[in-house]
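Contents: one structure, followed by commentary.
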Amino acid sequence: MARDRRKPLSYNAMPNSDPAAYDPQSVEPKWQRRWEERGTNHADLFGASRPYFNLMMFPYPSAEGLHVGNVFAFVGADIHGRYQRLAGSDVFEPLGFDAFGIHSENFALKVGTHPAELIPRNIERFRGQLKRIGLMADWRYEVQTTDPRYYRWTQWIFLQLFRAGLAVRRRAAVNWCPACKTVLANEQVIGGYCERHPDVRVEQRMLDQWFFTISGYAQRLLEHLETADWSHSTRTIQANWIGRSEGAELVFETPGGRRITVFTTRADTVFGATYLVLAPEHPMVADLTTAEQRADVQAYRRKVAAMDLVSRKVGEKTKTGVFTGSYARNPATGAAVPIWIADYVLMEYGTGAIMAVPGHDERDFEFAAAMGLPCVRVVAAPGQDASTPLAAAEPDVPDGRLVNSPGYDGLPWSEAGRAITQALEARGLGKAVVNYRLHDWCISRQRYWGPPIPIIYCDRCGTVPVPEEDLPVVLPALEDFRPDDSGVSPLARLEAWYRVPCPKCGGTARRETDVSDTFLDSAWYFLRYPSADRDDLAFDAGLTRKWLPVASYIGGNEHAVLHLMYARFITMALHDLGLVPFEEPFRRFRAHGTIIKDGAKMSKSRGNVVNPDAYIDRWGADTFRMYLMFLGPYQEGGDFRDAGINGIRRFLDKVWTLVQDAVAQTAREEASPDLVRVMHRTILRVTEDTESLSYNTAIAAMMEYVNALRDGGAGKELLAPLAILLAPYAPHFAEECWDRLGGSGSVMDQSWPSFDATLAVAEQVELVVQVNGRVRSRLQLSRGASEDLVVKAALADPAVLKFTSGTAPRKVVFVPDRLVNFVV
RNA sequence: GCCCGGGUGGCGAAAUGGCAGACGCAGGGGACUUAAAAUCCCCAGGGGGCGACCCCGUGCGGGUUCGAGUCCCGCCCCGGGCACCA
């Protein structure tokens, strides 16, 4: 733990000599042992009457061990689970490890140790750390995605999707690093160069890949978001990612009778479409290219094909493109417009072809200017007309109306699109369509550390799924698992492994040697948890019906698109196959905030990663848990500074002292009615705040209560409820307090205290008296004082008289039990 | 550029349109102690006044309202997501 030498953290700097003092180093291991012995954290999966599946995002067990961000995430979710249990639910809180994937593999390569050896060590360490922070995890149902008993069923899910036609094989472009000799994810390409080789340009390669056709689910995935009980931010990110846009497909015909279909969201501007642009890969390009233009077109297509996928999409650079030599007829104007190809048009969106309207689209304007193509105004703002010159593209003209568009002039542009599309549809040259930005999910990885895709290629029978009874296809041990230049997985080196007889005809065949994406492993792990001990099926139907959909899922927004989208898709697909009885996997999702350090996200490269171990050693898990939760609103995160952690420890010490004193008390005193009211109010606040994940204010409420108890004297009956309120936050500490106060059994088996709503409000209220909106006095009155009484008392107040000068106010605003405002 | 969040003391923050700054950290003063730590008590947004009190104050500029940190309009800044998506 780094801290200032000159001024060491002084709190508890010396070993505390007082044997009665709170010592987390003895309290915490003791209760962790008892929980284990008594099975306190176990859920009765079959017998539970009020099942509550409390899910948190399982970690990737990195070599560095757990970091503060993980602890923040897990503790927040654990508090929720513990609260639900105390509130009467049967909570199932499982954990596991997501240990396949390129990160593990790259790390293994770096340190020269096989992942099969590395991962179990990391998991061991993680599990130890997770137990230390006192999670209510039921470790009997731990899952590890790298275990053949798990990925057997990952492969099984692939087969279900394959049978349903949702897994398809097709050729697609991937990023290829010639130095790493492997395929890279888009995230690993930095400005056109390899993340790990900053001077090596990434290339584009065409490979056969397996895809899940998630794009067919775009509309459903979007629609369900509207009513989902999810964090607003997460819903917005997903909706943007799906990227629905309504528009039209319009047809431009060539003299040779070819029909070029373009997608546009601005059919209203079709009269201004002065040229067409196709993506360089568009299948019609070869046929459209004239002899004179062939050399140029081919050179351009080669150049684009060599580019990496990331810099291809960077919009800043100047536009390039080539004329094909052909023309097509604008369906609205009838004019012949030239057909170009340019890399600013992407094959994977829309139809891979656009009508260019330089007058009202910035990219088209830029391209037209560079190539000397004509530009026409078809929308005019009030005060402009058809001949007002265009100095730049005007994509969004407020109150704009169509011009230069015979038959539609004068129509507002926002309405004209529909009319024009309808008219073109009648001539077979257009129709309204909806497009989505969401692409199909490529699950092929030309890598080693993942579940082999369970497919066999037979020369006679073609693509044959591995029979379910032959699962798992075990990932074979491979000493040298480094990727190579071949463009296929290292598994392709193991002929003895991939050479298998065809399951259908028995002839020579070979296994698929690619492995599947790690995101597939994590797209269904929540289904596995309740059935983690079963080897005969992926998930038991009865348990699934009982425990799923997940009641609460808490995790980071860094997984808002990939993981959460894929999990939803897999669930929806399994539902359509009749394998699960629900379409959405998570009833409720809450995104927690990010813990940053010195204003930046924690990362190894920045060197600002904080290891929780040292804090737990020094302060104990409970203090550390509460400190993280007190940092700021849970759903916003905060900056990690260790200044302030002793505030939490002071709070726990105060509670400890109160408990000792109460236990030592011989004479039983009646609790003061005022303190009883404070207690009810505290229960109310902690209940509401814990429920809404406002952990920081729940802790503040408990602190206020403790301050009041110290002033007023506290007996056991005022402290026992506090022990329960504290249990989600500081579970070991709460157990110890509960035990010392004479409670029986685990504090986790108690009922959450209830409050009396009439006692939870103060008897005496302070009423604010304002004159013209400014506070001039305060009145102490009993709750429920009538307007008459308040106004009379307020007007008689000398501090008020000074400002009203005794005259009757023009207006009186009265808010019961809060304020009265005189307007004079 | 588009779409979400957010901007409040020295710091982390709190506040159904109704007392801005709860709770905590750091700080100052005092008690205890030979001394320190720990602990306990008090102070603590800025300015003015001996004082009771008064004025100013929630990124900036307007507006609605008896009353705005909170609602509306227009900006600035920070964080996140998307980005030649037609």
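So that the names make sense, note that chain A is the first sequence line, chain B the second, and so on, each numbered from 1.
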Which value, in whole Å, describes the distance between the P atoms of nucleotides B:rG80 and B:rC73?
26 Å
May I ask you to evaluate whether A:R649 reaches the phosphate of B:rG24, defined as a side-chain N or O under 4.0 Å from OP1 or OP2?
no
What integer number of Å spans the P atoms of B:rA14 and B:rC23?
14 Å
All N/O pairs under 3.5 Å across the protein-nucleotides 4-6 of chain B interface:
{"unit_1": "B:rC4", "atom_1": "O3'", "unit_2": "A:H232", "atom_2": "NE2", "d": "2.9"}
{"unit_1": "B:rG5", "atom_1": "OP1", "unit_2": "A:H232", "atom_2": "NE2", "d": "3.3"}

Given B:rA14, B:rC66, B:rC23, identify the nucleotide with an atom nearest to the side chain of A:T697.
B:rA14
Identify whether NZ of Lys or CZ of Arg in A:R568 sits under 6.0 Å from the centre of the six-membered ring of A:W230 and within 45° of that ring's axis.
yes
Which value, in whole Å, describes the distance between the C1' atoms of nucleotides B:rA26 and B:rC11?
7 Å
Sorted by chain and number, sequence neighbours left out, side chain to side chain contact (heavy atoms under 4.5 Å, CB included) with A:R818 holds for A:V815
Between A:Y344 and A:K319, is there a cation-pi geometry (under 6.0 Å to ring centre, at most 45° from the normal)?
yes
Rounded distance in Å between the C1' positions of B:rC56 and B:rA20
13 Å
A cation-pi test, strictly: NZ or CZ of A:R266 under 6.0 Å from the centre of the six-membered ring of A:W413 and no more than 45 degrees from its axis. Yes or no?
yes
Please state the C1' separation for the pair B:rC75 and B:rC42 - nearest whole angstrom.
45 Å
Give a yes/no on whether any side-chain N or O of A:R437 is located under 4.0 angstrom from OP1 or OP2 of B:rA86.
no
Which range-with-range stems can be found for RNA chain B when each stem has 3 or more Watson-Crick or G-U pairs in a row and both distances sit under 3.5 Å?
B:1-7 with B:76-82, B:10-12 with B:23-25, B:27-31 with B:39-43, B:45-48 with B:53-56, B:59-63 with B:71-75
What is the glycosidic conformation of B:rG7: syn, defined as within 90° of 0, or anti?
anti
